[in-house]
Amino acid sequence: MLGTFSSSLRSTNFLTKFGGNNFSQLYRKMCDKPKVFVTRSDIPNDAIELLKTSCDVTVWNKLETVPINSLVENIKDKDALFCVLNDQISSQVLDKAPKLKVIGTMSVGYDHLDVDAIKKRNIRIGYTPNILSDATAELTVALLLTTSRRIIEANNAAKTGEWKSWAPVWMCGPGLKNKTVGLVGFGRIAQQVGRIIKSFNISKLIYFNRSERKSEACEIGAVRVDFDTLLKESDFVIVTCALAPETKGLFSTEAFKKMKPTAILINTSRGQVIDQDALVEALENKQIYGAGLDVMYPEPLPLSNPLLKLNNCVILPHIGSAAIETRQEMALITAQNILAVLNDKEMPAELKL
Ligand code: GLV
């Protein structure tokens, strides 16, 4: 019945009779749903279903990062892009997407987006701040304890028979009690890490951040210091800052030289904040005690990378926000961000350019 009605709606006679070209345009507008390209096939379903309520949704059908030529081919007629943090959205990609109005990235980080090129084209960006802070802070602390208390090594020892008996100093690592913890970056994730880590009876919480965050620092009991002081004083250094020109390669050979030989470095921000060659050297030469990395470059790290061979380095596959509920919420907010722009509404989380 509906089919018959819509085919008669489409017929020229009907359209001419009841309003002619204007009506035909209106009808086409109603039928032409905005087109969205989603760069992964494993996005939580609620988000895809939400998009489908008012959009034509094309989902990349492989469980791997969409190659650039397929990305370009797929977004050339799209109004919106739903992407993740390993999709590099460059000006070359944007040049091929003249209709693009909005990019929704399912991440808090946006260093994979050429923000200047996007701004120039008046394309809006939605992202997912706030909602992943708790999950990422939780993982950061888990990674710290895994590294300091040698949990991976200990687990392997139990599984391989290396564990012969309880031993007084075997598998020992530094504890947190009475230690100084330094936070590099003092955004939402760092602040939550600070709150959790205080419960381990540490002696001092310090942070290095471009701007002073007086009220948050006061609430958590953290003291702002310069970068050198943080390196010299910290027993645990936790990196959660964004990747930006001023933070790229912040942990250089010089920085490692300033750290304590007993220090542990944890990174859950972006790999490029650390000069990885300098880190390998620092770990091999015992310039620092250990490192726990949830992020690195490239991702995934090639199996031949020396970091994977070091006992004093724990590597995780970028799972900071990977709590089930968090990832579902991130996908939904990304879809809502996209729909908001397509419907001329305010985005739940817009990256202000
Ligand atoms: C994770 O790294 C994110 O940016 O969401």
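Each residue takes its place number in the sequence, starting with 1. The figures here come from the full heavy-atom set of this structure, side chains too, leaving out hydrogens, waters and symmetry mates. In this text the structure is predicted, and so the values were computed from the model without any measurement.
Under the 4.5 Å side-chain heavy-atom criterion for Ile, Leu, Val, Met, Phe, Trp and Tyr, V141 and I151 are members of distinct hydrophobic clusters. In the hydrophobic cluster analysis, where Ile, Leu, Val, Met, Phe, Trp and Tyr join through side-chain heavy atoms closer than 4.5 angstrom, L250 is grouped together with I206. In terms of hydrophobic clustering, with Ile, Leu, Val, Met, Phe, Trp and Tyr side chains grouped at heavy-atom distances under 4.5 Å, V295 and L308 are assigned to different clusters. The hydrophobic cluster containing V181 does not contain L293, counting ILVMFWY residues as joined when their side-chain heavy atoms lie under 4.5 angstrom apart, directly or transitively. When hydrophobic clusters are built by joining Ile, Leu, Val, Met, Phe, Trp and Tyr residues whose side-chain heavy atoms come closer than 4.5 Å, directly or via intermediates, I266 is not grouped with L310.
At least one side-chain heavy atom of R195 sits under 4.5 Å from a side-chain heavy atom of E219. By the 4.5 Å heavy-atom criterion applied to side chains, T105 and L351 are not counted as neighbours. Between I319 and L139, some side-chain heavy-atom pair lies under the 4.5 Å cut-off. You'll find the side chain of P174 reaches within 4.5 Å of the side chain of I264, heavy atoms only. Between I118 and L94 the shortest side-chain heavy-atom distance falls below 4.5 Å. Residues L63 and S41 are in side-chain contact: their nearest non-hydrogen atoms beyond the backbone lie under 4.5 Å apart. Annotation: side chain of I43 is not in contact with side chain of V59 (no heavy-atom distance under 4.5 Å).
With a 6.0 Å radius and a threshold of 12 heavy atoms from other residues, nucleotides or ligands, F256 has its CZ atom above the threshold. In this structure, R149 places its CZ atom where only 12 or fewer heavy-atom neighbours from other residues, nucleotides or ligands lie under 6.0 Å away.
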Going by atom type alone, with no hydrogens or angles, which donor-acceptor pairs under 3.5 Å involve a side-chain atom of residues 75-85 and a protein atom two or more places apart or on another chain?
residue, atom, partner, partner atom, Å
K76, NZ, E73, OE1, 3.4
K76, NZ, E73, OE2, 2.6
K78, NZ, N74, O, 2.8
D79, OD1, K101, NZ, 2.6
D79, OD2, K35, N, 2.7

Report all side-chain donor-acceptor pairs from residues 236-247 shorter than 3.5 Å, counting only partners two or more places apart or in another chain.
residue, atom, partner, partner atom, Å
T247, OG1, A242, O, 2.8
T247, OG1, A244, N, 2.8
T247, OG1, A244, O, 3.2

For residues 271-292, please give each side-chain donor-acceptor pair under 3.5 Å, one per line with the distance, not counting sequence neighbours.
residue, atom, partner, partner atom, Å
D275, OD1, D277, N, 3.1
D275, OD1, A278, N, 3.2
Q276, OE1, Y297, N, 2.8
Q276, NE2, Y297, O, 2.7
N285, ND2, E281, O, 3.3

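In this structure, F208 and F227 have tilted ring planes: the angle between them lies in the 30° to 60° band.
Screening residues 177-193 for salt bridge (Lys or Arg N to Asp or Glu O under 4.0 Å) gives no qualifying pairs among residues at least two apart or on separate chains. Identified under the side chain to side chain donor-acceptor pair (under 3.5 Å) test for residues 325-340, with sequence neighbours left out: S321-R327. Residue pairs meeting the side chain to side chain donor-acceptor pair (under 3.5 Å) criterion with at least one member in residues 338-353, sequence neighbours excluded: R124-E350. Residue pairs satisfying the salt bridge (Lys or Arg N to Asp or Glu O under 4.0 Å) criterion with at least one member in residues 112-121, sequence neighbours excluded, are listed as follows: D95-R121.
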Steps toward side-chain contact (heavy atoms from CB on, under 4.5 Å) verdict (C55, L342): CA-CA 9 Å; C55 302; L342 298 177; 3.8 Å; yes
Step-by-step side-chain hydrogen bond (donor to acceptor under 3.5 Å, both in side chains) determination, E299 to H318: CA-CA 8 Å; E299 290 179 9; H318 203 149; 2.8 Å; yes
Using side-chain contact (heavy atoms from CB on, under 4.5 Å), reason through W60 and V38 one step at a time and then give a plain yes or no. CA-CA 6 Å; W60 172 243; V38 180; over 6 Å; no
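Without hydrogens or angle criteria, S70 side chain to V66 main chain gives no donor-acceptor distance under 3.5 Å. Of the possible donor and acceptor atoms, one in the side chain of S199 sits under 3.5 Å from a partner among the backbone N and O of I196. In terms of modelled atom types and a separation under 3.5 Å, the side chain of T128 and the main chain of S107 share a donor-acceptor contact. Put simply, the side chain of D235 gets close to the backbone of T180: a donor and an acceptor are under 3.5 Å apart. Judged purely by atom type and a 3.5 angstrom limit, D228 has no side-chain atom pairing as donor or acceptor with the backbone of L231.
Taking Ile, Leu, Val, Met, Phe, Trp and Tyr as members and joining any whose side-chain heavy atoms lie under 4.5 Å apart, directly or through other members, the hydrophobic cluster of M171 also contains W163, W170.
In this structure, CE on M347 lies 11.5 Å from CG on L339, to the nearest 0.5 angstrom.
Applying the side chain to side chain contact (heavy atoms under 4.5 Å, CB included) test to E49 and every residue at least two apart in sequence or in another chain returns N45, K52. Here F37 pairs with nothing under the ring-ring contact (aromatic ring centres under 6.0 Å, His included) rule; sequence neighbours left out. Listed by chain and number, the residues in a side chain to side chain contact (heavy atoms under 4.5 Å, CB included) with K96 are V72 (sequence neighbours excluded). Legend: residues meeting side chain to side chain contact (heavy atoms under 4.5 Å, CB included) with R213, ordered by chain and number and at least two apart, are F186, Q191, Y207, N209, S211, E216.
Look at K260 and E233 and you find no salt bridge, because none of the NZ, NE, NH1 or NH2 atoms lies under 4.0 Å from a carboxylate O.
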